[in-house]
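Below: one structure, written as structure tokens.
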Amino acid sequence: MDGLLSTRPPRRPVPRRVAAVALASVLALGGCGLDDVGTPVVTVTVTPPDAPSPTPTPATPSSIPTVPATPTATSSPVPTALAAGAQRGAPHSYAEASVRIGTGKAASGIGDAFISPSGNIFCTIGSGSTPACEVADGRTPPPQAGICPAGGPSDIGRIELTDAGAVPVCNSDSIRSGTPPQLPYGSRAGAAGSSVTCLSEKVGMTCADSATKHGFFVAKRTFTTF
């Protein structure tokens with residue numbers, strides 16, 4: 001219809017700024033629908049409460065000293081592990097003495113006191129007195145200084161068995177009394193109510209206490225304590 005005049009109104013030009021905004025909106029809506037818009041994620045930060053500070057425990061005074069006490073010059077006892085003289089195969093420990101005594105034959109008719117077949121060693125092991133053995137002949141010089149107190153005998157004639165161990169005694173007295181029976185060589189004897197047992201041998205007398213695990217060997221001019 002080239003010869004006819006168009007009745008349509010002339011188009012008005014769209015401003016460039018408005019066109020650009022419209023185009024951006026169309027592109028954005030074309031990329032995703034309403035269903036693609038997720039629920040906004042809300043992040044909640046939880047801060048744990050501070051741990052309560054431990055209540056300090058009050059210090060308790062200790063009765064144990066941190067520094068050990070220094071022993072005085074007069075508090076040192078006589079050692080209970082001594083050896084003097086020839087010893088003659090004497091035991092030097094409770095274990096050794098216990099084995100040796102166990103090999104002996106149990107003697108009958110022996111009470112709280114007895115003597116060796118030679119008569120030189122007298123022993124008493126009754127529960128009512130301190131177990132001890134004493135030599136009549138062949139006292140032993142002390143193996144170290146300080147065992148025999150000044151002003152008294154300077155040699156050892158008796159061994160006493162205490163709860164703390166066997167102690168050599170520089171005696172001026174005697175425990176011998178009456179006429180006790182002989183304990184034959186190779187025999188052992190123990191008294192009623194006493195934990196001490198003695199073994200008589202030709203080399204000497206061995207006595208040991210099963211309660212304290214201490215003992216001694218004594219003979220003419222020799223002894224050991226353990």
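Hydrogens, waters and symmetry mates are skipped; everything else that's a heavy atom, side chains included, is used. Numbers here simply count residues along the sequence, with the first being 1.
Contact detail for Phe217 and Phe226: the closest heavy-atom pair is N-CE2, 4.3 Å. Pairing each heavy atom of Ile159 with each of Pro168, the nearest pair is CD1-CA, 3.7 Å. Residues Arg221 and Arg139 come closest through the heavy atom pair CG-O, 3.9 Å. Of all non-hydrogen atoms in Pro117 and Tyr185, the two that sit nearest each other are CD-CE2, 3.4 Å. Contact between Phe223 and Pro143 at its shortest, heavy atoms only, is CZ-CD, 4.0 Å. In this structure, Met205 and Ser116 approach most closely via the heavy-atom pair CE-CB, 4.1 Å.
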Evaluation steps, side-chain contact (heavy atoms from CB on, under 4.5 Å), between Arg158 and Asp173 | CA-CA 10 Å; Arg158 183 165 69 234; Asp173 61 346; 3.1 Å; yes
Go through the steps to decide whether Cys170 and Ile147 satisfy the test side-chain contact (heavy atoms from CB on, under 4.5 Å), and finish with yes or no.
-> CA-CA 8 Å; Cys170 306; Ile147 293 179; 4.3 Å; yes
Begin from the C-alpha positions of Ser195 and Asp209 and carry the test side chain to side chain donor-acceptor pair (under 3.5 Å) through to its verdict.
-> CA-CA 5 Å; Ser195 55; Asp209 189 341; 2.5 Å; yes
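In this structure, the separation between CD1 on Ile101 and CD on Glu96 is 11.0 Å, given to the nearest 0.5 Å.
Within the 4.5 Å cutoff, the side chain of His214 has heavy atoms near those of the Leu161 side chain. Looking at Phe114 and Cys198, their side chains come closer than 4.5 Å, going by heavy atoms from C-beta outward. Side-chain contact between Ser187 and Ser200 is absent, with no heavy-atom pair separated by less than 4.5 Å.
Within a 6.0 Å radius of NZ in Lys202, other residues, nucleotides and ligands contribute 12 heavy atoms or fewer.
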Which pairs of donor and acceptor atoms, one on a side chain in residues 119-127, lie under 3.5 Å apart (sequence neighbours left out)?
unit_1: Asn120; atom_1: OD1; unit_2: Ala136; atom_2: N; d: 3.4
unit_1: Asn120; atom_1: OD1; unit_2: Asp137; atom_2: N; d: 2.7
unit_1: Asn120; atom_1: ND2; unit_2: Asp137; atom_2: O; d: 3.0

Between side-chain atoms of residues 106-113 and protein atoms elsewhere (two or more places apart, or another chain), which donor-acceptor pairs fall under 3.5 Å?
none

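Of the possible polar contacts, one joining the Thr225 side chain to the Leu82 backbone as a donor-acceptor pair under 3.5 Å is found. Judged by distance alone, with hydrogens and angles left aside, the side-chain atoms of Thr130 form no donor-acceptor pair with the main-chain N or O of Glu160 at under 3.5 Å. Judged purely by atom type and a 3.5 angstrom limit, Thr140 uses its side chain to pair as donor or acceptor with the backbone of Thr222.
The hydrophobic clustering, which links ILVMFWY residues whose side-chain heavy atoms are closer than 4.5 Å, places Ile175 and Ile115 together. The cluster map of Ile, Leu, Val, Met, Phe, Trp and Tyr, joined by side-chain heavy atoms under 4.5 Å apart, puts Leu183 and Phe216 in the same cluster.
Of the two cysteines examined, Cys207 and Cys133, the SG atoms fail the criterion of being under 2.5 Å apart.
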